[in-house]
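As structure tokens, the structure follows; a few thoughts come after it.
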Amino acid sequence: VFGKDINLILVLSNLSSDRKSVRVDMSASTILYTRRAVAEILKAATSVELGPKQGKHIRVKIPYTHYGRYLTTDKRIQVTALCEVMRAHGLKLLVEKTIILEDTNIIIKLPRRVVVNKAVSLEISYANPLPEPVSRCVLLVTLMNQQVKINLAPLAPRERSKIYFEFTPRRAGPLQLQVDFSCDKFSHVKGFVTIAVAPA
């Protein structure tokens with residue numbers, strides 16, 4: 001989840017009946033959705049001895065403090081592990097994983113029934129998932145082809161807050177509400193719901 005430390009486990013297994021020495025070079029970078037690297041956030045190397053038919057786990061931790069300021073709006077991190085079996089004529093194995101961090105910031109609560117030409121009040125809850133305060137908080141609400149920009153108070157570390165948004169639907173049928181939350185430390189955290197508007 002965005003704002004938390006990332007914990008990974010690399011599993012190495014020796015399927016042969018011989019003892020193996022494996023060198024593991026690990027790296028991680030924040031990337032764009034096109035897979036282009038933005039910034040390297042982890043570089044580590046270790047060696048592992050594997051007995052016949054033995055498996056071992058290598059734990060990797062990427063603290064938020066390492067990736068937070070380098071993350072793009074795509075919230076993607078590419079982790080690679082190059083495993084080289086020593087004294088095996090250059091036998092190598094490359095393992096790659098792309099991590100997409102989830103947002104749990106925006107929660108939109110609707111009333112049980114929404115009716116044409118009757119005012120509706122929605123609860124929009126937003127949060128700072130980071131272990132540090134954020135400021136310059138802005139909520140952009142898009143509904144019925146209109147955008148409303150709402151300036152919000154700063155949030156303390158891990159703080160959640162909420163506002164109430166009122167509108168009056170003018171026609172029956174589905175309406176899409178989109179919410180976009182930004183601040184000085186991250187931007188474009190989105191949430192959306194489809195509202196079923198009943199006839200009067």
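- Contact detail for Val115 and Pro169: the closest heavy-atom pair is O-CG, 3.4 Å.
- In this structure, the side chains of Leu139 and Ile163 come closer than 4.5 Å at one or more pairs of heavy atoms.
- Between the side chain of Ser29 and the backbone N or O of Ile31 there is no donor-acceptor pair closer than 3.5 Å.
- Looking at heavy atoms from C-beta onward, Lys149 lies in side-chain contact with Asn151 at the 4.5 angstrom threshold.
- For Glu159, there are no side chain to side chain donor-acceptor pair (under 3.5 Å) partners at least two apart in sequence or on another chain.
- Atom NZ of residue Lys4 and atom CD1 of residue Ile62 lie 16.0 Å apart, to the nearest 0.5 angstrom.
- Hydrophobic clustering places Ile108 together with Met144 (ILVMFWY residues linked when any side-chain heavy atoms are closer than 4.5 Å, directly or through intermediates).
- Rounded to the nearest 0.5 angstrom, Leu177 CG and Ile124 CD1 are separated by 5.5 Å.
- When atom types are taken as modelled, the side chain of Asp180 and the backbone of Lys190 share no donor-acceptor pair closer than 3.5 angstrom.
- By the rule that hydrophobic residues join a cluster once side-chain heavy atoms approach within less than 4.5 Å of another member, Val38 and Leu42 end up as members of separate clusters.
- Here CD of Gln178 is found 8.5 Å from CD of Gln147. Values are rounded to the nearest 0.5 Å.
- Counting heavy-atom neighbours within 6.0 Å of Gln146 CD, excluding the residue itself, gives a total of 12 or less.
- The shortest distance between side-chain heavy atoms of Arg23 and Ser47 falls below 4.5 Å.
- Residues Leu10 and Cys83 come closest through the heavy atom pair CD2-SG, 4.3 Å.
- Summarising the geometry of Phe181 relative to Cys137, their closest heavy-atom pair is CE1-CB, 3.8 Å, with the distance given to 0.1 Å.
- For the 3.5 Å distance criterion, the side chains of Thr98 and Gln78 qualify, holding a donor opposite an acceptor.
- You'll find the side chain of Val22 stays beyond 4.5 Å of the side chain of Met86, heavy atoms only.
- Taking each heavy atom of Leu15 and Lys53 in turn, the nearest pair found is O-NZ, 2.7 Å.
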Worked check of side chain to side chain contact (heavy atoms under 4.5 Å, CB included) between Leu140 and Val179: CA-CA 6 Å; Leu140 195 64; Val179 177; over 6 Å; no
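- Under a hydrophobic clustering in which Ile, Leu, Val, Met, Phe, Trp and Tyr are joined whenever their side-chain heavy atoms come within less than 4.5 Å, directly or via other members, Leu152 and Val148 fall into the same cluster.
- Taking the side chain as every heavy atom from C-beta outward, Val120 and Pro111 approach each other to under 4.5 Å.
- Rounding to the nearest 0.5 angstrom, the gap separating the OG1 atom in Thr46 from the CD1 atom in Ile58 is 5.5 Å.
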Pair Lys118-Val116, side chain to side chain contact (heavy atoms under 4.5 Å, CB included): steps then yes or no: CA-CA 6 Å; Lys118 284 196 175 180; Val116 168; over 6 Å; no
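- No side-chain heavy atom of Glu84 sits under 4.5 Å from any side-chain heavy atom of Leu82.
- Residues that satisfy the salt bridge (charged side-chain N to carboxylate O under 4.0 Å, His left out) test with Lys162, not counting sequence neighbours, are Glu123.
- No donor-acceptor pair under 3.5 Å is formed between the side chain of Ser182 and the backbone N or O of Val138.
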Salt bridge (Lys or Arg N to Asp or Glu O under 4.0 Å) evaluation trace for Glu96 with Arg35: CA-CA 12 Å; Glu96 287 187 330; Arg35 292 174 61 96; 3.3 Å; yes
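- With Asn14 contributing its side chain and Gly51 its backbone, the two residues share a donor-acceptor pair below 3.5 Å.
- Within 6.0 Å of NZ in Lys56 there are more than 12 heavy atoms belonging to other residues, nucleotides or ligands.
- Taking hydrophobic clusters as Ile, Leu, Val, Met, Phe, Trp and Tyr residues chained together by side-chain heavy-atom distances below 4.5 Å, Tyr67 shares a cluster with Ile99.
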Check against side chain to side chain contact (heavy atoms under 4.5 Å, CB included), Leu155 and Ser161: CA-CA 8 Å; Leu155 291 172; Ser161 190; 3.9 Å; yes
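- Residues Phe186 and Leu32 are members of separate hydrophobic clusters, defined by side-chain heavy-atom contacts under 4.5 angstrom among Ile, Leu, Val, Met, Phe, Trp and Tyr.
- Counting heavy atoms from C-beta outward, Val141 and Ile150 have side chains that approach closer than 4.5 Å.
- Closest approach of Tyr64 to Asp5, counting heavy atoms only: N-OD1, 2.8 Å.
- Under a cut-off of 6.0 angstrom, the local environment of CZ in Arg158 is crowded, with over 12 non-hydrogen atoms contributed by other residues, nucleotides or ligands.
- In this model, no donor atom of one side chain and acceptor atom of the other lie less than 3.5 Å apart for Ser121 and Glu166.
- Nearest heavy-atom pair, Phe192 versus Gln176, reported as atom, atom and distance to 0.1 Å: CD1-NE2, 3.8 Å.
- Rounded to the nearest 0.5 Å, atoms CG (Leu71) and CD1 (Ile41) are 8.0 Å apart.
- In this structure, the side chains of Val189 and Lys75 come closer than 4.5 Å at one or more pairs of heavy atoms.
- Taking OG of Ser13 as the start and CD of Gln54 as the end, the distance is 9.5 Å to the nearest 0.5 Å.
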Test log, rule side chain to side chain contact (heavy atoms under 4.5 Å, CB included), inputs Ile106 and Ser125: CA-CA 6 Å; Ile106 304 289; Ser125 167; over 6 Å; no
